2 protein chains.
Amino acid sequence: MTLVAAGYSRAAMAVRLSPRPGLTIGLTRDGQPVRSLTSAVFAQLRAEILSCHLKPGEKLLIAGLARRFAVSLSAVREALSRLAAEDLVQAEDQRGFRVSPVSIGRLRDITKARIDIEALALRRAIELGGADWLAGIRAAYRELEATPLPQPGDAGARFEAWRTLHRRFHFALVSACASPWLLRFRDTLYEQSERYRFLAHGVRPRAVGAEHATIARAVCDRDVDAAVRALSDHLALTAEIIVESRWGFE
Amino acid sequence: MTLVAAGYSRAAMAVRLSPRPGLTIGLTRDGQPVRSLTSAVFAQLRAEILSCHLKPGEKLLIAGLARRFAVSLSAVREALSRLAAEDLVQAEDQRGFRVSPVSIGRLRDITKARIDIEALALRRAIELGGADWLAGIRAAYRELEATPLPQPGDAGARFEAWRTLHRRFHFALVSACASPWLLRFRDTLYEQSERYRFLAHGVRPRAVGAEHATIARAVCDRDVDAAVRALSDHLALTAEIIVESRWGFE
DNA sequence: CACAAGCAGAAAATCGATTTTCGATGACAA
DNA sequence: TTGTCATCGAAAATCGATTTTCTGCTTGTG
C-alpha cells in the first residue's frame, strides 16, 4: 500500500538517520526534510561550522568525521564537497578539506558585498512587494522583538532560537525581491557573516532592536533610500563591532 | 629524490587521467592543473553542460557517466555535487541529477542580476584600478578584436578560442574590483549566461565588436556612468537577442 | 650544520560490491 | 472504470576495501 510503503520509507529513513550519534534529522534550507545521509551530514557540518564548533582553519579529517557520524567515507566527502561550494570549507586536491579561515580582510569583503547586494534586493523588494510582504515583515519583527536577546553564556538553544528569528526577519525584508539569483547570493553572504557574528557575540552592548525597528519602519513606509541606509548602517555597525572585538582566531 | 618523486607523481597522474576516453587533463578555473579524477570529471561535465552538449533538463545517469569516463561512481557523484552547487545541475535526494533547465524567466533573472552585479564590480574596478589594469583591458580587447567572430557551424575549436578571449575581456574589465565575493558572483552569472549565449549563437548579426569598443573606451576614460551604461546595454542586448531567438528547449 | 634522499605511517582518492529507494506495470477490488 | 496495492527492474545511495599521495622523520652526505 502506498501509505504503508511511504510510512515505511519514512520510518526506515528515520531508523537510518536517527541512531547515528551526533546526526539529527533536520530540514534542508528550503524546508524539505533531509532524505539522505549525505544531506544530514552536510546539514550537521554546516551548523557546526557556522557556530564555530568547528573552528576556522581546522583540518577536517574525513575518516574522523565518518567515524563520528557513523557513516561512510563517501557520505562525508560528498557533504564536504557541497560545503566547499559555499566556501564554508576549502578543498585542495589530494590534501583534503579544512574549515575556511576567517580574517578581518574577509569580513570586510563580505560586509561590503553584502551591503551592496542587500541594497539591490531591498530596492526591488520595496518596488514589488505587496501587503502580504509587509505583513510578513511586521510579523517577523514582532516575533524577533518578543524574544530576548541571548546573553553571552546562554545555552545553545536560546541562541539558536534568536538566531532563527533574526535570520527570518532579515529574509522577510528582501523576500519580495523576485530574483532567485540575488536572493541566493544574499543568502550565501548572510551565512558567511553568521560565523563572524558568532565569534564576536555579546562583546559590546547595542540597541539591535532599535536598528531593526528603524529598518522595518522605513521599509513599511516604502522609503527606499531611508531603508537602504538603515540596513547598510546596521550591517556596517555589526562588522565594526566584530572587528573591534579582535576575536581569538586569525 | 624529491625531483624524481615529483616527476613521478605528475607522470602517474597523467597516466591515470589521460587514457580515460573523453576525459582530458585541463586546468581548474584558478589556473591550477587538475590533480584528481574527480576534478577532471567535474571540468569535463562543466564544459559539456556549458556548450549544451549535455542538454538542459537532461537526466544524468551516474552509472552511464562513470562508464563513459571509465571512472567510479563516487568520482561522478562528487563531480555532480560540485556542479549542483553552481546550479549547472540540479540534485534531488534519492532521485539523482539532471542538467539545470533553461527558460526565458531564468534568463531574465540571470541578466538582471548580472547587470546589477557587473555594475557594482565595474564601479569599484574603475575606482581602484591602476595602469596595469587598463593595459590588461586594452590587451584583452585587441586580442579579442584580432580573432574572427565564429560563424554558426564553425568548428568547436574556433568557437572555443573566441569564447575564451571574450571571457577574458569581460573579466579584465572588473578584475581590479578587489572583492573576491563580487567577482565570484559575477563569475557564476557569466557562466550561467554562457549556456544561453550558446543556444542563440549567431541568430542575428550584431556589432559586438563596436559594443566592446564602447565599453573599453568608457572604462579607459574612467567615465563610470558611461561605462556602466555601455556594459548594461551590452548585456541586455545579448539577452534580448537570445529571447528573440526562441531556442529549441523550454 | 644544511640539505637531499629514503622510508613509514597517515590521510585522501578511488573503486566496485551491496543496500535502499524509485517508478512503471499489472492485478485486483470497489 | 477508478483507485489501491504488490512486484520487479533500474537507478541512487551507501559502504568499506584498496590504491595513491602526502608528510614528517631519519639517515647519510658535503
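Since this is a predicted model, take the numbers as computed values, not measurements. Every chain is numbered from 1, with letters handed out A, B, ... down the list of sequences.
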Practice problem: Mind checking B:Leu61 for me? I need base, sugar-phosphate or nothing, with any heavy atom below 4.0 Å counting as a touch. | Solution: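 The answer is sugar-phosphate, as B:Leu61 gets under 4.0 Å only of primed atoms, P, OP1 or OP2.
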
Quiz item: Base, sugar-phosphate, or nothing: which does A:Arg95 touch, judged by heavy atoms less than 4.0 Å apart?
Solution: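 Sugar-phosphate, backbone atoms only, no base.
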
Quiz item: Under 4.0 Å: is that the gap between some side-chain N or O of B:Thr38 and OP1 or OP2 of C:dT14?
Solution: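 Checking C:dT14 against B:Thr38, a side-chain N or O does come within under 4.0 Å of OP1 or OP2.
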
Practice problem: Check whether any side-chain N or O of B:Ser72 sits under 4.0 Å from OP1 or OP2 of C:dC15, and answer yes or no. | Solution: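 B:Ser72 to C:dC15 OP1/OP2: side-chain N or O found under 4.0 Å.
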
Take atom [atom1] of [X] and atom [atom2] of [N], then tell me their distance rounded to the nearest Å.
| X | N | atom1 | atom2 | value |
| --- | --- | --- | --- | --- |
| A:Leu73 | D:dA17 | CG | P | 10 Å |
| B:Phe97 | D:dA12 | CZ | P | 9 Å |
| B:Arg67 | C:dG16 | CZ | P | 12 Å |
| B:Leu65 | D:dA13 | CG | P | 13 Å |
| B:Leu60 | D:dA12 | CG | P | 9 Å |
| B:Arg77 | D:dA11 | CZ | P | 15 Å |
| A:Lys59 | C:dA11 | NZ | P | 8 Å |
| B:Asp93 | C:dT21 | CG | P | 12 Å |

Self-check item: salt bridge (charged side-chain N to carboxylate O under 4.0 Å, His left out) partners for A:Arg98, two or more places apart
Solution: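 Partners of A:Arg98 under the salt bridge (charged side-chain N to carboxylate O under 4.0 Å, His left out) test: none.
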
Quiz item: Can B:Arg197 be said to sit on top of B:Tyr190's aromatic six-ring, NZ or CZ under 6.0 Å from centre and within 45° of the ring axis?
Solution: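 The answer is yes, since B:Arg197 meets both limits relative to B:Tyr190.
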
Quiz item: Is B:Arg186 positioned over the aromatic face of B:Phe171, cation under 6.0 angstrom from the ring centre and no more than 45 degrees off axis?
Solution: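 The answer is no; the distance or angle limit is not met.
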
Self-check item: Worked check of side-chain contact (heavy atoms from CB on, under 4.5 Å) between A:Leu60 and A:Leu65
Solution: CA-CA 7 Å; A:Leu60 295 167; A:Leu65 294 170; 4.1 Å; yes

Exercise. Can you sort out which residues in residues 78-91 of chain B have a heavy atom within less than 4.0 Å of DNA chain C? Ascending by number, please.
Key: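 Within this stretch, nothing sits under 4.0 Å of the strand.
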
Quiz item: Of the options A:Val99, A:Leu45, A:Leu80, A:Leu83, which is the one that meets A:Leu88 in a side chain to side chain contact (heavy atoms under 4.5 Å, CB included)?
Solution: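 Answer after filtering A:Val99, A:Leu45, A:Leu80, A:Leu83: A:Leu83.
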
Self-check item: Pairs involving residues 71-80 of chain A, ordered by first then second residue, that meet side-chain hydrogen bond (donor to acceptor under 3.5 Å, both in side chains) (sequence neighbours left out)
Solution: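 Sorted pair list: A:Arg77-B:Glu78, A:Glu78-B:Arg77, A:Glu78-B:Ser81.
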
Practice problem: Go through C:dA12, C:dC15, D:dA13 for me and flag the one nearest to the A:Ile62 side chain. | Solution: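 Of all the options, the side chain of A:Ile62 is nearest to C:dA12.
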
Self-check item: NZ/NE/NH1/NH2 to OD/OE distance under 4.0 Å, B:Arg124 and A:Asp116
Solution: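 Yes, charged N to carboxylate O under 4.0 Å.
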
